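Nothing here was measured: the structure is a model prediction, and the numbers come from that model.
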Amino acid sequence: MSAGLQRLWQLLVAVSALLTATAAAQETRAPPLVPALFVFGDSLVDNGNNNNLASLAKANYFPYGIDFAAGPTGRFCNGYTIVDELAELLGLPLVRAYSQASRSSEQLLEGVNYASAAAGILDDSGGNFVGRIPFNQQIQNFESTISQIAGATAGGAATAGSIVSRSILFVGLGSNDYLNNYIMPNYDTRRHYTPQQFADLLVTQYASQLTRLYKAGARRFVVAGVGSMGCIPTILARSVEGRCSEEADQLVSPFNAGVRGMLDGLNAGLPGATLTYLDNYRLFTLMLANPASYGFDVVDRGCCGIGRNGGQMTCLPFLPPCADRERYLFWDAYHPTAAVNLIIARQAFDGAADVVSPVNVRRLAQL
């Protein structure tokens with residue numbers, strides 16, 4: 001056998017062995033912990049639903065997705081979002097955006113992401129960005145998904161109901177109701193509501209929306225609180241000294257407290273439901289207080305933001321980001337890096353009661 005043929009033969013043997021190993025790994029892969037993951041939220045978990053909207057809130061261009069295998073997809077991050085990592089921890093494939101998955105009934109069976117950048121609990125939050133999909137519309141899209149699953153499966157509505165009741169819903173909203181409503185100068189919300197009154201308004205609406213998801217068949221919920229906003233780059237940039245804003249964090253404090261109490265009430269009042277609270281605020285404040293213990297040493301500016309603290313403008317198309325992204329807490333003016341998202345997701349999955357309660361996601365999946 002010539003040297004050339006021998007090398008070709010060796011290559012074919014290697015490829016065959018790789019394909020065999022891959023097939024074996026797929027066959028032995030453990031089944032997912034839940035049938036599906038359904039995601040509701042804003043830009044922290046959006047994975048492309050705004051791409052085809054007439055919206056100013058988009059991230060389907062470089063450098064977004066620089067560390068994501070598929071490149072820019074609409075994720076407001078350099079890589080994984082919280083729900084990407086949660087999907088993998090649950091043994092599921094990455095959840096498709098509703099704008100894509102809704103074309104195929106088969107793709108709906110492992111979950112759907114309905115999240116939309118600039119979306120809020122209130123329909124009018126985020127209006128400065130024009131196109132977005134508020135939480136109420138996301139719920140409506142979920143209800144349409146259930147109908148599609150029922151129409152595509154042999155058992156119809158019963159099968160759809162079984163899938164949904166055993167699946168996990170991740171819900172994370174509220175940030176835009178503050179950043180792009182309550183503290184936005186062109187909104188008059190602040191003149192009509194005190195911080196506590198506004199928090200009460202949001203929590204009441206949120207309770208009604210979560211109950212609507214329950215009535216649609218959902219039983220297992222992860223509800224994420226609003227993270228610390230006082231030290232995000234866009235807030236830091238409003239101060240010449242780049243100081244954190246205690247006022248911004250004081251605004252969201254009554255909301256987070258209200259959500260926790262509301263979830264306790266729903267757990268007591270909705271038979272068969274478990275709604276667990278993910279304390280994003282606590283996780284962010286822990287990382288800000290002791291960044292080195294989490295692997296970070298840049299906490300006062302965005303990796304790809306523009307202007308003071310990298311927070312006066314978000315990432316511009318094709319502008320090179322920082323090279324050492326794993327050292328940064330913030331990716332852009334508003335959003336954390338993928339490194340932060342991985343930490344939060346893993347805490348949600350296996351964390352103790354001080355960050356996720358009454359149960360973590362692993363335990364929630366076993367109920």
Side-chain angles (χ1 to χ4, degrees), residues 34 36-47 49 81-87 90 92 95 97-98 111-123 125-126 132-143 145-146 164-178 199 202-227 252 255-267 269-270 273-281 283 341 344-345 347-349 351 355-361 364-365 367:
V34 293
L37 174 65
F38 297 97
V39 179
F40 306 81
D42 50 33
S43 57
L44 291 170
V45 289
D46 184 359
N47 64 345
N49 284 309
T81 65
I82 295 170
V83 293
D84 289 328
E85 179 68 3
L86 270 181
L90 288 166
L92 294 165
V95 180
Y98 178 73
V112 183
N113 187 328
Y114 306 93
S116 171
I121 295 169
L122 303 179
D123 288 349
S125 294
R132 74 270 186 222
I133 308 168
F135 190 25
N136 281 323
Q137 181 61 53
Q138 293 179 35
I139 296 171
Q140 186 173 327
N141 291 341
F142 174 66
E143 292 166 342
T145 295
I146 296 173
V164 171
S165 67
R166 292 180 293 117
S167 297
I168 286 178
L169 274 66
F170 182 96
V171 184
L173 291 118
S175 295
N176 286 306
D177 296 290
Y178 286 95
L202 292 178
V203 171
T204 299
Q205 174 77 347
Y206 214 8
S208 175
Q209 291 163 327
L210 293 172
T211 301
R212 182 177 168 188
L213 289 171
Y214 172 84
K215 290 179 178 178
R219 293 296 181 268
R220 302 174 183 177
F221 299 77
V222 179
V223 180
V226 173
V252 302
F255 170 76
N256 283 335
V259 169
R260 297 191 77 147
M262 175 264 288
L263 295 180
D264 288 342
L266 293 181
N267 277 321
L270 299 179
T274 301
L275 299 95
T276 201
Y277 179 74
L278 174 60
D279 195 345
N280 271 340
Y281 186 89
L283 288 169
N341 288 333
I344 294 174
Q347 283 291 315
F349 192 74
V355 295
V356 56
S357 62
V359 295
N360 59 34
V361 175
L364 183 65
L367 295 178

### Task
Heavy atoms only: give me the nearest G41-A119 pair and the separation to one decimal.
O-CB, 3.9 Å

### Query
Checking side chain to side chain contact (heavy atoms under 4.5 Å, CB included) against V34, which of L364, V361, I168 comes through?
I168

### From CG (N341) to CD1 (I82), nearest 0.5 Å
5.0 Å

## Note on the structure
Between the CD atom in Q138 and the OG1 atom in T145, the distance rounded to the nearest 0.5 Å is 11.5 Å

### Message
Distance check, rounded to the nearest 0.5 Å: Y98 atom OH versus N141 atom CG?
### Response
4.0 Å

### Message
Is the ring pair Y206/F135 parallel, tilted or perpendicular, if the boundaries are 30 and 60 degrees?
### Response
perpendicular

### Message
Can you confirm whether the side chains of S125 and D177 place a donor and an acceptor under 3.5 Å from each other?
### Response
yes

### By ring-ring contact (aromatic ring centres under 6.0 Å, His included) - contacts of Y178 (at least two apart)
F198

### Message
Can you tell me how far apart CD1 (I139) and OG (S208) are? Round to the nearest 0.5 Å.
### Response
8.0 Å

### Message
Under a plain distance cut-off of 3.5 Å, with no hydrogens placed, do Q140 and N136 share a side-chain donor-acceptor pair?
### Response
no

### Query
What is the ring orientation for F38 with F142, classed by angle as parallel under 30°, tilted 30 to 60°, or perpendicular over 60°?
perpendicular

### Query
Could you give the distance from CG (N49) to CD1 (I133), rounded to the nearest 0.5 Å?
5.0 Å

### Query
Strictly by modelled atom types, are T81 and D84 linked by a side-chain donor-acceptor pair under 3.5 Å?
yes

### Message
Would N256 and N280 count as a side-chain contact (heavy atoms from CB on, under 4.5 Å) here? Give the steps.
### Response
CA-CA 10 Å; N256 283 335; N280 271 340; over 6 Å; no

### Query
For N113 and V45, which heavy atoms make the closest approach, and how far apart are they?
ND2-O, 2.8 Å

### Query
Can R132 and D42 be counted as an ion pair, charged N to O under 4.0 angstrom?
no

### Query
How far apart are the closest heavy atoms of A345 and L86, and which atoms are they?
O-CD2, 3.7 Å

Please report, to 0.1 Å, the donor-acceptor pairs under 3.5 Å made by any side chain of residues 218-227, with sequence neighbours excluded.
{"residue": "R219", "atom": "NH1", "partner": "Y214", "partner atom": "O", "Å": "2.8"}
{"residue": "R220", "atom": "NH1", "partner": "R166", "partner atom": "O", "Å": "2.9"}
{"residue": "R220", "atom": "NH1", "partner": "A365", "partner atom": "O", "Å": "3.1"}
{"residue": "R220", "atom": "NH2", "partner": "L367", "partner atom": "O", "Å": "2.4"}

### Atom pair CE (M262) and CG (L275), whose distance is rounded to the nearest 0.5 Å
8.0 Å

